Q: 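A single structure is presented below for examination.
None of these values were measured; they are calculated from a predicted model. Proteins come first, then strands; the chains are lettered A, B, ... in the order of their sequence lines, and each starts at number 1.
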Number of protein chains: 2
Amino acid sequence: MDILSRNIQDYLKHIYALTEDGGAASTTDLAARLGVAPASVTGMIQRLANAAPPLVEYRKHQGVRLTPHGEKAALEVIRHHRLLETYLVTMLGYSWDTVHEEACRLEHVISEEFESKIAAVLGHPTHDPHGEPIPNEALEMPADQALPLSALRPPQKALILRVRTENPALLRHLEQLGLVPGTKIQVVGYSSFDQNLTIHITQARNLQHVIGFSISSQIYVALQSFP
Amino acid sequence: MDILSRNIQDYLKHIYALTEDGGAASTTDLAARLGVAPASVTGMIQRLANAAPPLVEYRKHQGVRLTPHGEKAALEVIRHHRLLETYLVTMLGYSWDTVHEEACRLEHVISEEFESKIAAVLGHPTHDPHGEPIPNEALEMPADQALPLSALRPPQKALILRVRTENPALLRHLEQLGLVPGTKIQVVGYSSFDQNLTIHITQARNLQHVIGFSISSQIYVALQSFP
DNA sequence: TATTATTTTTAGGTAAGACTAAATTATTTT
DNA sequence: AAAATAATTTAGTCTTACCTAAAAATAATA
C-alpha cells in the first residue's frame, strides 16, 4: 500500500472528519458521506485495515478510526485541500462557495513541491477561507477552542472562527448575512421550541438575523469574554 | 464517450504530437511514447475509433489520425498543459526542466474555470516556457514557420523559437548553453560526417557550441533574413 | 519471391471499485 | 425475555479500464 488511490484518500479524509470528536466513524455515516452503499464501505474498510501498514483500526460493528499512518495520510490530503482552497481564493479570485470542488480534484495530484510553493506564496496560512485549520508542514493541526454557535445562549458574545459546510448555496447565504469568519456577533435571542437563535452582528448597527439549528450547528465560534 | 479518462487524454495528446506533420501515427511509435506494448495500443485505438463520436480515424496497418472531435479533445489537454507550465514557471517559480511532470498530472483535473483564470492572470500567453504554442480559447493553434535547427547550414542566422523536449537533463544542459527560446544564433559550421553544427550565439561575443543532431533536431527556429 | 518488420488478433489477466441479497449482530420496544 | 427494528457484514457478481504474451496476418524490403 505504497501509493494511495484517490478513492482511498477520500475515505481517509472522511474518516478523519467523522472521528475528529474522538469517536469512531460508523459504516453508515461514511457511506452517506461518500455516496456509496454501506456494504461497499465495509469492503473498503477491510482493505484499509489489512493494508501494510494498516491505515485504519477496525473492529466489526464498532466503527473505524485512523491509525497513526492513516491519520498522516489523511492530514496530507487535508493540507493539500485547504492550501488549495486558500490559494484559489486568494490568488485566482475564486469565490468561497466554488473552491471546494476544484480543490477536491486537485488535492490528489499536486506534488510536495507544489504544496510547499503555494504555502510559501501565501505566507504559510493557518486557516483556509472557511476558517478551517490547515495542518502545518509537519502535519500538526493548529488547535483552537471552537464550539458550535448552536451551543450559545443570550447574551453571549463570540467571534466566528469557521463555517463547516461545503454547500455552495448555504455558503452564499451566509456570506449575504455576513456570517463569515472574523465577524463578531452577540446572541440576543433563543427559542427553546425550535432552537432558533437571534444573532446580532456587533459591527453593524441594525443587523440581526434569526437562524435555525441546522445553520448554527455548522458555524463554529470562539467565546468572547463578556465585559 | 462523454468524459475522457486520463489515459485516453494521454493517447490523444500523443497522437496529436505524432501527426502534427500531417502523417499518421504508427502503433509502434505510439507504444514507445506511451510505454506500453504495441498490442495495447491497437486495442485502445480500436476503442477510440469505435467511440461515439469517433475520436480517431483508423484503418488497419495504416496508423491513426485524430478526427475533428479527437483533435479538439487533444487541443484541450494541450492547452491545459501549456498554460499550466507557463503558470508554474511564471507564478510559482518552477524551473523549466521540472514543470512538465507537474503539468502532466494537473492537466487532466483542472476545470475550464481554472484554465480561464490562469490564462487571464498570465495575460493570455501564446507560448509556454519551452516556446511551444498554446492553443487559444477557441483551440486554434498559433501558427509559425518553425524549422528544426538541424536543417540550417552556415552561415544562416536564426531565432530560437522552441525546444521540443521534456528531458530534464537536456533542458538543464540547453539552459546552460544559452540555447533557449528568444536567443539569436548563427550557424558557423557544419560537419557532414556527424551532422554536428557549430553555433554562434549572436548576443554573446565569444560563445560558440558544437551540438549533435540529436540536439539540433529538437530545437526549432525561425530563419532570420541575412542582411 | 523470400525474408524481415510491423501490426493485429486472440485469449486471458489484474486491480479497483461498486452493487445486491441474504445473513448476522446490535439495539429497542413491547 | 421475546420480538421487532436497525445496522453491519458476508458472499458472490459485475463493470470498467486498462494491460500482456503469443500467434497470425499484413506490409515492406532485399
Q: How would you list, by chain and number, every residue that makes a side-chain hydrogen bond (donor to acceptor under 3.5 Å, both in side chains) with A:Q218, sequence neighbours excluded?
A: none

Q: So which protein nitrogen or oxygen atoms get under 3.5 Å of nucleotides 18-21 of chain C's nitrogens or oxygens?
A:
residue: C:dA18; atom: OP2; partner: A:Y11; partner atom: OH; Å: 3.4
residue: C:dC19; atom: OP2; partner: A:A37; partner atom: N; Å: 3.0
residue: C:dC19; atom: OP2; partner: A:S40; partner atom: OG; Å: 2.6

Q: Have a look at A:T27 and say if it touches a base, only the backbone sugar-phosphate, or nothing, with a 4.0 Å heavy-atom cut-off.
A: sugar-phosphate

Q: Please list all pairs meeting side chain to side chain donor-acceptor pair (under 3.5 Å) that have one or both residues in residues 61-72 of chain B, counting only residues at least two apart or in different chains.
A: none

Q: So, using salt bridge (Lys or Arg N to Asp or Glu O under 4.0 Å) as the criterion, who are the partners of B:E113 when residues are at least two apart?
A: B:K117

Q: What is the distance, rounded to the nearest whole Å, between atom CD1 of B:I3 and atom C1' of D:dT16?
A: 15 Å

Q: Do any pairs count as a side chain to side chain donor-acceptor pair (under 3.5 Å) and have a residue in residues 138-148 of chain B, sequence neighbours left out, and if so which ones?
A: B:N136-B:E140, B:D144-B:R162

Q: For B:T42, which contact category applies under a 4.0 Å heavy-atom criterion: base, sugar-phosphate, or nothing?
A: base

Q: Using modelled atom types only, decide if a donor and an acceptor are shared between the side chain of A:R82 and the backbone of A:P135 within a distance under 3.5 Å.
A: no

Q: Who are the side-chain hydrogen bond (donor to acceptor under 3.5 Å, both in side chains) partners of B:R33, not counting sequence neighbours?
A: none

Q: Rounded to whole Å, how long is the line connecting atom CG of B:L30 with atom P of D:dC19?
A: 12 Å

Q: With sequence neighbours left out, write down each residue that passes salt bridge (Lys or Arg N to Asp or Glu O under 4.0 Å) with A:R47, or none if nothing qualifies.
A: none

Q: Please state how far atom CD1 in A:I8 lies from atom P in C:dA16, giving the value in whole angstrom units.
A: 7 Å

Q: Which whole-number value in Å describes the distance from A:H61 NE2 to C:dT25 P?
A: 7 Å

Q: Over how many whole Å does the gap from B:D10 atom CG to D:dC19 atom C1' extend?
A: 15 Å

Q: Is there a side-chain contact between A:S26 and the phosphate of D:dA7, meaning an N or O under 4.0 Å from OP1 or OP2?
A: no

Q: State which residues pass side-chain hydrogen bond (donor to acceptor under 3.5 Å, both in side chains) with B:S111; sequence neighbours excluded, sorted by chain then number.
A: A:E102

Q: Under 4.0 Å, heavy atom to any atom of DNA chain C: which of residues 46-60 of chain B qualify?
A: B:Q46, B:Y58, B:K60

Q: ring-ring contact (aromatic ring centres under 6.0 Å, His included): which pairs involve residues 125-144 of chain B, sequence neighbours left out?
A: B:W96-B:H130

Q: Taking only residues two or more places apart in sequence, or in another chain, which ones meet A:S217 in a side-chain contact (heavy atoms from CB on, under 4.5 Å)?
A: A:S150, A:F213

Q: Identify the stems formed by DNA chain C, where each pair is Watson-Crick or G-U wobble with both distances under 3.5 angstrom and a stem is at least 3 consecutive pairs.
A: C:1-30 with D:1-30

Q: Could you go step by step and tell me if B:T165 and B:N167 meet the side-chain hydrogen bond (donor to acceptor under 3.5 Å, both in side chains) rule?
A: CA-CA 6 Å; B:T165 179; B:N167 179 332; 5.2 Å; no

